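Step one of this worksheet: look at the structure below.
Keep in mind that this is a model prediction, so the values were computed, not measured.
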Amino acid sequence: SDPFFGPDKQYTLALEGSYSHGRSGGVQPASASGQFDDTFGNMQVAVGRRFGIYSSLTLGAAYNYISRNADTTGLVLSPTGKDIYASLKLSYVYDSRNLRSFATDGEFLYVALEKYGLGESLVNFGRFSLDARDYLQLSDMFTLATRIHANLAEGPRIPPYNHVFFGYY
């Protein structure tokens, strides 16, 4: 189906939800022994507008739920063991690559500003994300590709479940 609507099919609407429940035995507070259960839930809505065939701007809002059933010192911010918070995200994408996977020519730019927590919980921080790529086809066999990637968070406390690590996030 066509995800675009409105005059000239320039607008998008996305509704997403996720839920997971699992047992973790990895990183634990010093006072914990054994395993503990994690529950993650998320509901989000996003409205976007595209500008031509390469650019789009999206505004999204989400409701997030994170729960741990054991001693959660340092693993969630709330002393109840449940971080429940809203978040907002504004993102811009420019994508002129000839292929999304294995591109040989074109440019890609992703810039996003996110605000986690809107005053309703202990979660209160912001994040800036940047992903800039350039592909230059040198011949039928060779492509020169460059990439700059940044993911910066700012706030009094960043919960461990929102940390970003080198190589993945």
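- Distance alone, capped at 3.5 Å, places no donor-acceptor pair between the His21 side chain and the Phe40 backbone.
- Under the 4.5 Å side-chain heavy-atom criterion for Ile, Leu, Val, Met, Phe, Trp and Tyr, Ile158 and Tyr161 are members of the same hydrophobic cluster.
- No side-chain donor from either of Tyr110 and Ser129 sits under 3.5 Å from a side-chain acceptor of the other.
- Checked against salt bridge (Lys or Arg N to Asp or Glu O under 4.0 Å), Arg50 has no partners two or more places apart in sequence or in another chain.
- Atoms CG and CZ, on Asp95 and Arg100 in that order, are 6.0 Å from each other to the nearest 0.5 Å.
- Cluster membership for Leu99 and Val93, using ILVMFWY side-chain heavy atoms within less than 4.5 angstrom, is not shared.
- Heavy-atom contacts from other residues, nucleotides or ligands closer than 6.0 Å to CD1 of Ile148 number 12 or fewer.
- Inter-residue side-chain proximity for Arg147 and Asp131 is flagged as met; some heavy-atom pair is nearer than 4.5 Å.
- For the residue pair Ser67 and Lys82, the shortest heavy atom distance occurs at OG-CG, 3.7 Å.
- With sequence neighbours left out, Tyr54 forms a ring pair (Phe, Tyr, Trp, His ring centres under 6.0 Å) with Tyr94.
- Put simply, the side chain of Tyr92 does not reach to within 4.5 Å of the side chain of Ser56, judged on heavy atoms.
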Determine all donor-acceptor pairs shorter than 3.5 Å in which one atom belongs to a side chain in residues 58-65; sequence neighbours excluded.
| unit_1 | atom_1 | unit_2 | atom_2 | d |
| --- | --- | --- | --- | --- |
| Asn64 | OD1 | Asn42 | ND2 | 2.6 |
| Asn64 | ND2 | Tyr85 | O | 3.4 |
| Asn64 | ND2 | Ser87 | OG | 3.1 |

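- When side chains are defined from C-beta on, Thr146 does not count as touching Tyr135, because their heavy atoms never get closer than 4.5 Å.
- Rounding to the nearest 0.5 angstrom, the gap separating the CZ atom in Arg68 from the OG atom in Ser78 is 13.0 Å.
- The hydrophobic cluster containing Tyr19 does not contain Met43, counting ILVMFWY residues as joined when their side-chain heavy atoms lie under 4.5 angstrom apart, directly or transitively.
- Applying the ring pair (Phe, Tyr, Trp, His ring centres under 6.0 Å) test to Phe125 and every residue at least two apart in sequence or in another chain returns Tyr116.
- Two residues are said to be in side-chain contact when any heavy atoms from C-beta on lie closer than 4.5 Å; Leu90 and Leu57 meet this criterion.
- Considering every non-hydrogen atom in both Lys89 and Ala112, the closest pair reads CE-CB, 4.1 Å.
- Salt-bridge formation is not detected for the pair Asp105/Arg97: no Lys NZ or Arg NE/NH1/NH2 atom is positioned less than 4.0 Å from an Asp or Glu carboxylate oxygen.
- For the residue pair Pro79 and Leu122, the shortest heavy atom distance occurs at CD-CD1, 3.8 Å.
- To the nearest 0.5 Å, the span separating OG on Ser121 from CG on Leu77 amounts to 7.5 Å.
- Membership of the apolar cluster around Leu136 extends to Leu138, Met141, Phe142, Leu144, as traced through chained side-chain contacts below 4.5 Å between ILVMFWY residues.
- Rounding to the nearest 0.5 angstrom, the gap separating the CD atom in Gln44 from the OG atom in Ser18 is 7.0 Å.
- Between Thr143 and Ala103, the closest heavy-atom pair is CG2-O, 4.2 Å.
- Closest heavy-atom contact between Asn98 and Thr104: ND2-OG1, 2.6 Å.
- In this structure, the side chain of Glu16 does not engage the main chain of Val45 through any donor-acceptor pair within 3.5 Å.
- Arg127 pairs by the salt bridge (Lys or Arg N to Asp or Glu O under 4.0 Å) definition with nothing, not counting sequence neighbours.
- To the nearest 0.5 angstrom, Ser55 atom OG is 8.5 Å from Leu109 atom CG.
- Counting only distance, with no hydrogens or angles, the side chain of Asp134 and the backbone of Glu107 share no donor-acceptor pair below 3.5 Å.
- Judged by distance alone, with hydrogens and angles left aside, the side-chain atoms of Lys115 form a donor-acceptor pair with the main-chain N or O of Gly117 at under 3.5 Å.
- Sparse packing is recorded around CD of Glu154, with 12 or fewer heavy atoms of other residues, nucleotides or ligands lying under 6.0 Å away.
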